[in-house]
Structures are given as C-alpha cells and as structure tokens.
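Step one of this worksheet: look at the structure below.
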Amino acid sequence: MVDQEKIKQGVRLLLEGIGEDVSREGLKDTPDRVARMYEEIFSGMEEDAGEHLSKVFSAENAGVVLERDIVFHSTCEHHLMPFYGKAHIAYLPQDKVVGLSKLARTVEVYARRLQIQERMTGQIADAVMEHLQPKGVMVILEAEHMCMTMRGVKKPGSSTVTVAARGAFEDNALQEQVWRMLSVR
C-alpha cells in the first residue's frame, strides 16, 4: 500500500534539495499531486495478473494468438524515470483462450511497478504460462528509456527490445512465425 504522507515528505525534501521554495504558489500542492500520481502509476504493486488471466474461453485447435502493440508506461527502478513502448504477446493455446483485453491488463500489472524491462518481459511470459497453461508463449517488449534519452548518453529515439520465450516458442520456427506476424500491417 502506498504511504502518501511519506511520499509527500520525500517530494518536499527533493524540492528543497534542488534549491526550490516548497511554499511558492506553483509548488505548494506538488507533494500532494505527486503522491496521488505515484499511487496510480505504481498500482500494479498490489495487483495479481492471475485475476485477469482467469477469464478464459474454450477454443480447441486454436493456432497462434498474437496481441500486438499493447502500449505501456513503466518506471525504471534505477533512475526512477519512465520507460514506455509496446508489448506483443503471442501464445499457443492448449484448449482455452483468454479475453484479449486481459493480456493488456496483464502488461499493466507488471508495468505499474518499479521495473527493469528485462524482468518485466519474463514476468509477463511466466504469468501467461502459469495461469493459461498454453503450449507456449512469446513476449516481446520494445521501449524507449528516458534515462537514455534525457540524461547520461542522451540518445533520443533509441529503443530496447527484449524477448522471453517459453514452452513451444523456444522453437526457432515458431518464433519466426511470430516475427512474420508482427511485420504484417
């Protein structure tokens, strides 16, 4: 659970630390706004992906299911800066499929935590495997990291791609099928 009072204190200290006057008009409500924002953007800390992935439907002999271009925003645990991009989830159902919006909700569960992209990719894949029990899953995340764009090397437009393959998707031929499906527009 988010402790809003501690966040407010921390924001006041941060503002003072950079030389700001926390009582000036533009900043006096900032600690409260930031505390409310953090409660929202870190709401995944309290969520369980299993809740979303439990809404399944029978689908015998279904082929590869791909939900692509799921937009997400997350926060890098190293610099507390945003990273954002798109998630693509492909899975090969056993005998059941999940509602498509539930895959997007699963991405949100993990994106709304302090994260690193590599771990988030694996967490999504593992959740799909655990809760849907498909023959396999492949998760691809493409993201731009503000810690690379705004500070440090300052390379706007650079992106990081991470892939997690489980089960049947450890087979290169099945992975190639997903890459081809992603290229079709």
Side-chain angles (χ1 to χ4, degrees), residues 1-2 36-77 80-149 157-170 174-185:
M1 189 73 188
V2 171
R36 288 192 320 261
M37 176 190 69
Y38 276 11
E39 186 167 38
E40 179 182 341
I41 67 174
F42 295 120
S43 63
M45 301 290 291
E46 305 294 323
E47 285 190 73
D48 175 13
E51 283 182 43
H52 303 296
L53 293 171
S54 65
K55 308 274 190 218
V56 295
F57 309 96
S58 295
E60 294 179 23
N61 302 317
V64 173
V65 176
L66 172 64
E67 182 69 19
R68 67 182 187 190
D69 298 333
I70 302 167
V71 174
F72 71 88
H73 300 86
S74 192
T75 305
C76 168
E77 68 183 30
L80 299 182
M81 294 190 76
F83 67 95
Y84 54 91
K86 293 180 180 180
H88 315 286
I89 303 173
Y91 71 102
L92 189 57
Q94 197 78 261
D95 290 320
K96 55 189 175 184
V97 294
V98 69
L100 297 177
S101 69
K102 305 311 181 197
L103 294 173
R105 291 187 189 281
T106 299
V107 170
E108 286 299 306
V109 165
Y110 294 108
R112 290 178 179 239
R113 300 176 180 186
L114 286 176
Q115 274 294 7
I116 62 171
Q117 182 176 334
E118 299 87 343
R119 179 175 57 233
M120 183 175 148
T121 308
Q123 287 173 327
I124 295 166
D126 292 341
V128 171
M129 285 299 288
E130 177 184 346
H131 298 288
L132 294 185
Q133 299 177 345
K135 295 174 187 170
V137 65
M138 184 171 165
V139 176
I140 303 163
L141 298 186
E142 305 173 57
E144 183 169 345
H145 294 249
M146 296 308 290
C147 59
M148 289 271 298
T149 298
S158 63
S159 64
T160 301
V161 177
T162 51
V163 179
R166 307 286 191 264
F169 283 93
E170 292 177 45
L174 205 47
Q175 286 186 24
E176 283 299 319
Q177 180 180 348
V178 172
W179 289 112
R180 281 191 307 274
M181 291 170 75
L182 285 172
S183 69
V184 175
R185 293 285 172 189

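The residues of the chain are indexed from 1 along the displayed sequence.
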Check side chain to side chain donor-acceptor pair (under 3.5 Å) between Glu39 and all other residues, then give those that pass, not counting sequence neighbours. Gln4
Please list, chain by chain and in numerical order, all residues satisfying side chain to side chain donor-acceptor pair (under 3.5 Å) with Glu77, sequence neighbours excluded. Arg119
Answer yes or no: does atom CE of Met37 have more than 12 heavy-atom neighbours from other residues, nucleotides or ligands under 6.0 Å? yes
Grab the two heavy atoms, one from Ala59 and one from Val97, that are nearest each other, plus how far apart they are. CB-CG1, 3.7 Å
Using every non-hydrogen atom in the two residues, find where Val178 and Phe169 come nearest and quote the distance to one decimal. CG2-CE2, 3.4 Å
Contact between Gln177 and Met181 at the side-chain level, heavy atoms closer than 4.5 Å - yes or no? yes
Pair Leu114, Leu80 - check side-chain contact (heavy atoms from CB on, under 4.5 Å), show working. CA-CA 8 Å; Leu114 286 176; Leu80 299 182; 3.5 Å; yes
Name all residues meeting the side chain to side chain donor-acceptor pair (under 3.5 Å) criterion together with Thr75; count only those two or more places apart in sequence or in a different chain, and write none if there are none. none
Contact between Met120 and Val107 at the side-chain level, heavy atoms closer than 4.5 Å - yes or no? yes
Here the side chain to side chain donor-acceptor pair (under 3.5 Å) pairs for residues 63-72, sequence neighbours left out, are Asp69-Arg185
Can you tell me how far CD of Gln175 sits from CD1 of Ile140, rounded to the nearest 0.5 angstrom? 8.0 Å
Is the closest side-chain heavy-atom distance between Val98 and Val128 below 4.5 Å? no
Met81: partners by side chain to side chain contact (heavy atoms under 4.5 Å, CB included), with sequence neighbours left out: His79, Met146, Cys147, Met150, Arg151
Please find the pair of heavy atoms, one from Gly157 and one from Glu144, that lie closest to each other, and give the distance. N-OE2, 3.2 Å
Quick check: do Cys76 and Gln115 have side-chain heavy atoms less than 4.5 Å from each other? no
Sort and list the pairs that fulfil salt bridge (charged side-chain N to carboxylate O under 4.0 Å, His left out) and have at least one residue in residues 41-64, not counting sequence neighbours. none
Would you list the pairs meeting ring pair (Phe, Tyr, Trp, His ring centres under 6.0 Å) in which at least one residue belongs to residues 82-123, sequence neighbours left out? Phe83-His145
Across all chains, not counting sequence neighbours, the side chain to side chain contact (heavy atoms under 4.5 Å, CB included) partners of Ser158 are Met148, Lys155
Report the residues that fulfil side chain to side chain donor-acceptor pair (under 3.5 Å) with Arg166, sequence neighbours left out, ordered by chain and then residue number. Asp126
I'd like to check the ring-ring contact (aromatic ring centres under 6.0 Å, His included) partners of Phe72; sequence neighbours left out, ordered by chain and number. none
Measuring from Leu92:CG to Leu66:CG, what's the distance to the nearest 0.5 Å? 12.5 Å
Residue pair Gln117 / Thr162, side-chain donor-acceptor N/O under 3.5 Å: yes
What's the separation between atom OG in Ser74 and atom CZ in Phe42, rounded to the nearest 0.5 Å? 7.5 Å
Rounded to the nearest 0.5 Å, what separation is found between the CD atom of Glu142 and the CG atom of Leu182? 7.5 Å
Keeping to residues at least two apart or across chains, list the salt bridge (charged side-chain N to carboxylate O under 4.0 Å, His left out) pairs with something in residues 92-109. Glu108-Arg112
Which value, rounded to the nearest 0.5 Å, describes the distance between Leu141 atom CG and Ile124 atom CD1? 5.0 Å
What one should report as the nearest heavy-atom pair of Ala125 and Ala164 is CB-CB, 3.9 Å
So, for Leu132 and Leu53, which heavy atoms are closest and what is the spacing to 0.1 Å? CD2-O, 3.4 Å
Can you name the closest pair of heavy atoms from Val139 and Thr121 and give their distance? O-CG2, 3.5 Å
